[in-house]
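Here's the structure we're looking at; comments come further down.
Indexing begins at 1, ligand by ligand and atom by atom, following the structure's order.
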Amino acid sequence: MKTTARIVRVDRTTIYTGINALDHLRVACNPFLFGKNLVFLLTDRNTYKHCLPRLLESNPWLEKSILLTVDAGESTKTLQTVARLWMEMLSHQAGRDSLMITLGGGMITDLGGFVAGGYKRGIPCIHIPTTLLAQVDAAIGGKTAVNMEGVKNQAGFFFLPETVIADPCFLTTLPPRHLKSGLAEIIKTTLTGNALLWKKLKNKNVEELLLLPPESPFWQHLINGAITYKNRIVRNDFTEKGNRSILNFGHTIGHAIESFSQTEEANTLLHGEAVAAGMTGAVWLSSKKTGLPPDERDQIAGFLYKGYGPFSFSHADIPSLVDKMAHDKKKHNSEIRFTLISNPGSPRINMSCQPDEIAQALDFCLRF
Ligand SMILES: NC(=O)c1ccc[n+]([C@@H]2O[C@H](COP(=O)([O-])OP(=O)(O)OC[C@H]3O[C@@H](n4cnc5c(N)ncnc54)[C@H](O)[C@@H]3O)[C@@H](O)[C@H]2O)c1
């Protein structure tokens, strides 16, 4: 089979993206396959059903691996699950020469990275992300995490995978709502780091993009661009002391809206859906604080609203949302700090905003 995957190398991690990227898995595993070492393959119940057959078809040698399968969903990303998986690995007498392969969305890459990074002080890990969000974001950059007491990502550490294999074949079974959620993170990367790509993107609309097959050249261009961009930022600021916070564009408001939505089960938002609302608020703040021209602001907000609106909060919710942000981790000495843009492709980090400005930004999100 002809391989068309692209290879990106960042420090220790090699990333294969594109059609037939899976063909590189065996070679990527080779340095870790010797003697009697064990290969663990972590899936959730959905990726077990939808993605494992495709993986085994292209890599039948993985039939011999030890399957670790967990329930799908955010409520599985806990220390209890980690402990259960460690116990299971111990029961197989897994040593430090074992290999962990994850097959799943961001929940699985976060959990699997944590399990691999903590088992006997770290065993090598290879991510095969199967959602768009995980391909362009969660699997890249070495952040692992589990939730505690229902609060997201409270425990975790930085642990780089050896290899990431982002093959679009998995995206064909992904529910469209999840594809759209991942697209929001791609939009973020164009707004903060790639004005040219944003220009191409804004000539389409979100629904039109979702009709294109994930293996189409346009999607591959978007996915490769987003991965390369995140890599570049992570390489220069691995532990998020500075520029890595560019990646938080839309996330300060987005996280507040996301956790707010979790109080009403019927309306729980996906991460990207909340980030789309967050970016709409952030462009309003950008026009006020960092000189984003009003016509750019309105174009970006219009694009986001058409794709992701109407946003799922009301005027009455604004004070609680601002309050939530004040307790967010981005609070520094009573200021709430944002990543904003002065133009598409020109990010500005650590921009302090007042509660009344944030309230106006949220009001702007509801004005359409
Ligand atoms: N570490 C990071 O840098 C980082 C960045 C962003 C998000 N995250 C984390 O990522 C998680 C969200 O990731 P997600 O949106 O991928 O969610 P997810 O992993 O929960 O996957 C979404 C749903 O799609 C299913 N699924 C996965 N792949 C599929 C496929 N190919 N076909 C059919 N169904 C499939 C899953 O079983 C699940 O039900 C959160 O836990 C978030 O905290 C981490």
Side-chain angles (χ1 to χ4, degrees), residues 13 22 42-55 69-78 81-82 102-117 125 127-148 150-161 164-186 188-189 214-215 226-227 230-231 233-234 237-240 244-251 254-255 258-259 262 268-276 278 329:
T13 306
L22 266 186
L42 178 66
T43 71
D44 69 26
R45 303 217 184 278
N46 294 330
T47 59
Y48 176 89
K49 181 173 167 203
H50 296 294
C51 308
L52 187 59
R54 175 70 187 84
L55 176 64
T69 300
V70 296
D71 287 338
E74 202 54 28
S75 58
T76 294
K77 214 177 87 174
T78 61
T81 311
V82 170
T102 69
L103 180 70
M107 190 284 279
I108 285 291
T109 56
D110 272 13
L111 177 71
F114 193 112
V115 169
C125 179
H127 288 318
I128 308 179
T130 61
T131 63
L132 181 60
L133 187 96
Q135 294 195 349
V136 299
D137 195 2
I140 313 293
K143 277 189 183 176
T144 76
V146 293
N147 307 327
M148 290 173 77
V151 186
K152 278 180 66 104
N153 304 336
Q154 291 303 290
F157 43 85
F158 293 94
F159 181 70
L160 273 174
V164 176
I165 297 193
D167 193 312
C169 71
F170 294 117
L171 303 180
T172 52
T173 55
L174 192 65
R177 193 177 162 202
H178 284 275
L179 207 56
K180 189 161 134 179
S181 170
L183 177 60
E185 290 290 352
I186 296 181
K188 176 197 77 179
T189 66
E215 291 173 336
I227 291 176
K230 180 160 183 188
N231 257 327
I233 290 190
V234 169
D237 179 23
F238 183 50
T239 52
E240 201 167 341
R244 190 164 176 165
S245 58
I246 290 172
L247 301 169
N248 292 335
F249 180 67
H251 283 59
H255 279 150
E258 189 180 5
S259 17
Q262 277 153 6
T268 299
L269 290 180
L270 298 181
H271 180 69
E273 294 169 336
V275 168
K329 62 183 174 184

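- When heavy-atom distances to ligand 1 are checked against a 4.0 Å cut-off, E74 comes that close only through its side chain, counted from C-beta outward.
- Within the 4.0 Å heavy-atom criterion, both parts of A138, backbone and side chain, lie near ligand 1.
- Each of the following atoms of ligand 1 lies closer than 4.0 Å to a heavy atom of K77: 40 (C), 41 (O), 42 (C), 43 (O).
- Close contacts of ligand 1 with D137, meaning ligand atoms under 4.0 Å from a residue heavy atom, involve 5 (C), 6 (C).
- Which parts of ligand 1 touch L174 is read off a 4.0 Å heavy-atom cut-off, strictly below it: atoms 28 (N), 29 (C), 30 (C), 32 (N), 33 (C), 35 (C).
- Between the R244 side chain and the I233 main chain, no donor and acceptor come within less than 3.5 Å of each other.
- In terms of modelled atom types and a separation under 3.5 Å, the side chain of K230 and the main chain of I140 share a donor-acceptor contact.
- A side-chain donor-acceptor contact under 3.5 Å links T47 to the backbone of L103.
- For ligand 1, the atoms sitting less than 4.0 Å from at least one non-hydrogen atom of T173 are 30 (C), 31 (N), 32 (N), 33 (C), numbered in the order shown with element in parentheses.
- Taking every non-hydrogen atom of T47 and a distance limit under 4.0 Å, the qualifying atoms of ligand 1 come out as 27 (C), 28 (N).
- Taking only nitrogen or oxygen atoms, main chain and side chain alike, A72 does not reach within less than 3.5 Å of ligand 1.
- D110 OD2, 3.5 Å is the protein heavy atom nearest to atom 9 (C) of ligand 1.
- The side chain of C51, and not its backbone, has at least one atom closer than 4.0 Å to an atom of ligand 1 (non-hydrogen atoms only; side chain from C-beta on).
- When only interatomic distances are considered, the shortest N/O to N/O separation between N46 and ligand 1 falls below 3.5 Å.
- Here is the list of ligand 1 atoms found below 4.0 Å of a heavy atom in K230: 3 (O).
- Using a distance-only test at 3.5 Å, with no hydrogens or angles considered, no donor-acceptor pair links the side chain of T144 to the main chain of G156.
- At under 3.5 Å, a nitrogen or oxygen of F170, whether backbone or side chain, sits near a nitrogen or oxygen of ligand 1.
- Atom 16 (O) of ligand 1 has T131 OG1, 2.6 Å as its closest protein atom, hydrogens excluded (heavy atom only).
- The shortest N/O to N/O separation between L171 and ligand 1 does not fall below 3.5 Å.
- Under a 3.5 Å cut-off, the side chain of T130 and the backbone N or O of F170 do not form any donor-acceptor pair.
- Both the backbone and the side chain of T130 come within 4.0 Å of ligand 1, counting heavy atoms alone.
- With a 4.0 Å cut-off on non-hydrogen atoms, K143 touches ligand 1 through its backbone as well as its side chain.
- Backbone and side-chain nitrogen or oxygen atoms of D44 are examined, and one is located within less than 3.5 angstrom of a nitrogen or oxygen of ligand 1.
- Of all the heavy atoms of K152, the ones lying under 4.0 Å from any atom of ligand 1 belong exclusively to the side chain.
- Counting heavy atoms under 4.0 Å from ligand 1, residue E258 does not touch it at all.
- At the top of the distance list for atom 22 (C) of ligand 1, counting protein heavy atoms only, stands H178 CE1, 3.3 Å.
- Among the atoms of T144, none of the N or O lies under 3.5 angstrom from an N or O of ligand 1.
- Checked by atom type, the side-chain pair H251/E258 shows no donor-acceptor distance below 3.5 Å.
- Within the 4.0 Å heavy-atom criterion, neither part of T109 lies near ligand 1.
- Residue-ligand proximity, G105 to ligand 1, at heavy-atom distances under 4.0 Å covers atoms 16 (O), 19 (O).
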